[in-house]
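All figures in this text were calculated on a predicted structure; none of them were measured in a lab. When a ligand or atom number is given, it counts from 1 through the structure's own listing order.
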Amino acid sequence: MTQETGKRKADHIRICLEQKAQAKKATAGFEDIELVHRALPEVDREKISLSTSFLGKKFSAPLIVGAMTGGTEEATRINASIAQAVEKLHLGMGVGSQRAAIEDRKLEGTYVIARKKAPTAFLIANIGGVQLAHGYGLKEAKKAIEMIDADALAIHMNALQEAVQPEGQTNFKGILAKIAEIAGELGKPVIVKETGCGISVEDAKALESAGVKALDVGGVGGTSFAAVEYYRSAKGKTMVEAFWDWGIPTVISLVEVTQTVKIPVIASGGVRNGLDVAKSLALNASLASFSQPVLEAAVKGGKETQDLLSRLIDELRNVMFLVGAKNLESLSKVPAVVTGKTAEWLNIRGFDTASYAQRSTLSFEY
Ligand SMILES: Cc1cc2nc3c(=O)[nH]c(=O)nc-3n(C[C@H](O)[C@H](O)[C@H](O)COP(=O)(O)O)c2cc1C
């Protein structure tokens with residue numbers, strides 16, 4: 001890794017911890033979703049099952065920690081904290097872009113620590129989609145998987161970040177064909193994820209046809225990479241600022257995608273509590289993913305990370321109790337009312353929002 005890349009990664013962590021690198025005017029859209037309270041939940045809170053399976057692996061709850069880091073000493077500590085927590089709780093995690101270690105083997109340990117601390121958890125390797133337009137292919141994808149003995153490979157799309165950073169690579173031509181090639185040959189599932197701008201129905205369809213096995217919508221509403229670049233750039237701030245809230249809000253992207261493709265979908269981008277997770281699952285997400293909030297806990301340690309994730313799971317359990325869902329299958333069928341800008345956008349784009357509200361749980365046995 002060049003000194004430059006090392007500094008960039010350290011900058012990302014520092015900015016995400018110290019600055020408000022979150023969406024400003026845009027929201028993820030969770031405030032537009034209401035789940036309907038049950039005065040008669042008719043379930044035993046303690047017996048609610050949160051377990052699920054994703055790409056063939058069992059999870060104790062539908063939560064993962066999103067891709068964040070690797071390549072530096074601090075990153076090693078962060079990956080270790082997250083890995084320790086997800087192993088204990090039987091969840092999953094992604095490591096940050098592995099480009100640094102693909103190019104400099106000395107840095108492999110900063111990612112490998114995740115597998116060391118999480119020998120059985122679901123681990124997601126990570127490479128950048130834009131690298132595929134600049135010479136990366138099956139060989140690098142395999143390296144990323146083998147490095148951490150990963151269960152899946154995430155290819156991240158970050159057009160906005162590349163567009164607003166001075167050293168950004170902005171030729172994205174040919175990436176879809178490369179994704180298809182890797183998805184067909186890798187022997188492990190490929191997940192395509194956005195990094196804060198969302199995935200549209202148009203792109204979701206193309207990616208499903210390319211053989212991608214899951215999508216992570218990574219919508220607007222949480223960490224904004226335009227904001228991160230705003231704090232990094234010494235000049236040109238105005239240009240970057242204009243894109244602070246660019247993209248498709250998480251909930252909108254989630255509905256567009258889940259109503260269209262058959263592959264599992266991960267909700268991420270501004271997912272901040274167990275209620276957001278419950279709403280995502282009621283809108284048919286398979287998992288929800290947290291990044292920024294976990295980063296804050298992970299710099300403190302593994303125990304703090306585990307405490308945070310346990311609290312989120314507990315909140316999810318509470319919501320399930322209040323809507324009378326005894327497991328995740330029932331949660332995906334509870335009535336959900338879509339209002340505000342989210343409903344407007346979806347209706348204008350031709351998506352159905354009424355049927356979520358008209359679902360009835362009244363067929364429950366009493
Ligand atoms: C410090 C930091 C570094 C990140 N690095 C990566 C990365 O290397 N690869 C990637 O796919 N996503 C990366 N992301 C994006 C996250 O995986 C996620 O999509 C995004 O932060 C939105 O989730 P949040 O609102 O919960 O933070 C990074 C996020 C943060 C906060």
Side-chain angles (χ1 to χ4, degrees), residues 1 5-6 8-24 26-30 63-72 74-75 78-79 82 92-102 107 110-111 114 124-131 144 148 150 152-162 165 190-199 215-229 231-232 245 247-251 253-254 266-273 276-277 280 287-299 308-309 312:
M1 181 165 66
T5 327
R8 186 161 74 230
K9 287 181 173 284
D11 279 355
H12 286 168
I13 299 286
R14 184 181 46 77
I15 290 168
C16 287
L17 287 171
E18 293 171 7
Q19 308 281 355
K20 286 226 167 324
Q22 300 292 295
K24 240 192 303 208
T27 67
F30 290 108
L63 252 61
I64 58 167
V65 178
M68 279 189 284
T69 199
T72 65
E74 188 181 26
I78 293 169
N79 280 337
I82 300 172
M93 72 176 276
V95 295
S97 167
Q98 287 165 267
R99 183 180 169 196
I102 289 170
L107 299 171
T110 67
Y111 300 89
I124 309 171
N126 191 292
I127 59 171
V130 67
Q131 300 312 319
I148 58 166
L153 172 72
I155 298 178
H156 72 257
M157 303 305 303
N158 66 339
L160 170 67
Q161 188 189 13
E162 299 293 345
Q165 68 178 336
V190 168
I191 303 169
V192 169
K193 75 185 283 284
E194 239 293 345
T195 47
C197 297
I199 297 178
L215 294 171
D216 177 339
V217 298
V220 177
T223 304
S224 157
F225 271 91
V228 172
E229 295 305 330
Y231 290 115
R232 280 188 67 225
D245 291 310
I248 311 169
T250 297
V251 172
S253 179
L254 178 64
I266 303 170
S268 77
V271 179
R272 292 295 175 260
N273 53 48
D276 294 346
V277 176
S280 300
L287 297 176
S289 166
F290 294 84
S291 293
Q292 156 72 25
V294 174
L295 178 64
E296 284 183 22
V299 289
L308 169 67
L309 292 170
L312 295 167

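With no hydrogens or angles considered, no side-chain donor-acceptor pair links Ser224 and Gln22 at under 3.5 Å.
If you check which protein heavy atom lies closest to atom 10 (C) of ligand 1, you get Lys193 NZ, 3.3 Å. Of all protein heavy atoms, the one closest to atom 22 (C) of ligand 1 is Gly269 CA, 3.8 Å. Nearest protein heavy-atom neighbour of atom 4 (C) of ligand 1: Met68 O, 3.3 Å. Scanning the protein for heavy atoms near atom 18 (C) of ligand 1, the closest one is Ser291 OG, 3.5 Å.
For ligand 1, the atoms closer than 4.0 angstrom to any heavy atom of Gly96 are 8 (O). Under a 4.0 Å criterion applied to the non-hydrogen atoms of Gln292, ligand 1 contributes the atoms 24 (P), 26 (O), 27 (O). Ligand 1 places these atoms under 4.0 Å from at least one heavy atom of Asn126: 9 (N), 10 (C), 11 (O). When each atom of ligand 1 is checked for a heavy atom of Cys16 under 4.0 Å away, the hits are 1 (C), 31 (C). Within ligand 1, the atoms closer than 4.0 Å to a non-hydrogen atom of Ser97 are 7 (C), 8 (O), 9 (N), numbered from 1 in the order shown. Short contacts between ligand 1 and Gly222, defined as distances under 4.0 Å to a heavy atom of the residue, involve ligand atoms 25 (O). Atoms of ligand 1 found under 4.0 Å from any heavy atom of Arg272, numbered from 1 in the order shown, are 24 (P), 25 (O), 26 (O), 27 (O).
At least one donor-acceptor pair closer than 3.5 Å links the side chain of Thr195 to the backbone N or O of Met157. A donor-acceptor contact shorter than 3.5 Å links the side chain of Ser268 to the backbone of Gly218. When atom types are taken as modelled, the side chain of Tyr231 and the backbone of His12 share no donor-acceptor pair closer than 3.5 angstrom. A distance-only check finds a donor-acceptor pair linking the side chain of Gln98 to the backbone of Ala144 [under 3.5 Å]. Gln292 places a side-chain N or O within 3.5 Å of a backbone atom of Cys16 that can act as its donor or acceptor partner. Put simply, the side chain of Asn79 never gets that close to the backbone of Ala114: no donor and acceptor are under 3.5 Å apart.
By the 4.0 Å N-to-carboxylate-O rule, Arg8 lies too far from Asp11 to be salt-bridged with it.
The two residues Gly269 and Ala28 come nearest to each other via the heavy atoms O-CB, 3.6 Å. Nearest heavy atom pair, residue Ala75 against residue Thr69, reads CB-OG1, 3.3 Å. Heavy-atom minimum distance, Asn273 versus Leu312: CA-CD2, 3.7 Å.
Under the 4.0 angstrom criterion for non-hydrogen atoms, Thr69 is not in contact with ligand 1. Gly218 does not count as a contact of ligand 1, since none of its heavy atoms falls under 4.0 Å from the ligand. Within the 4.0 Å heavy-atom cutoff, Ala154 does not count among the residues contacting ligand 1. The closest approach between Glu194 and ligand 1 falls below 4.0 Å for a heavy atom of the residue.
Of the candidates Ala67, Cys197, Gly66, Ala67 brings a heavy atom nearest to atom 15 (C) of ligand 1.
Residue Thr223 places at least one N or O, backbone or side chain, under 3.5 Å from an N or O of ligand 1. Checking only distances, Phe225 never comes within under 3.5 Å of ligand 1, N or O to N or O.
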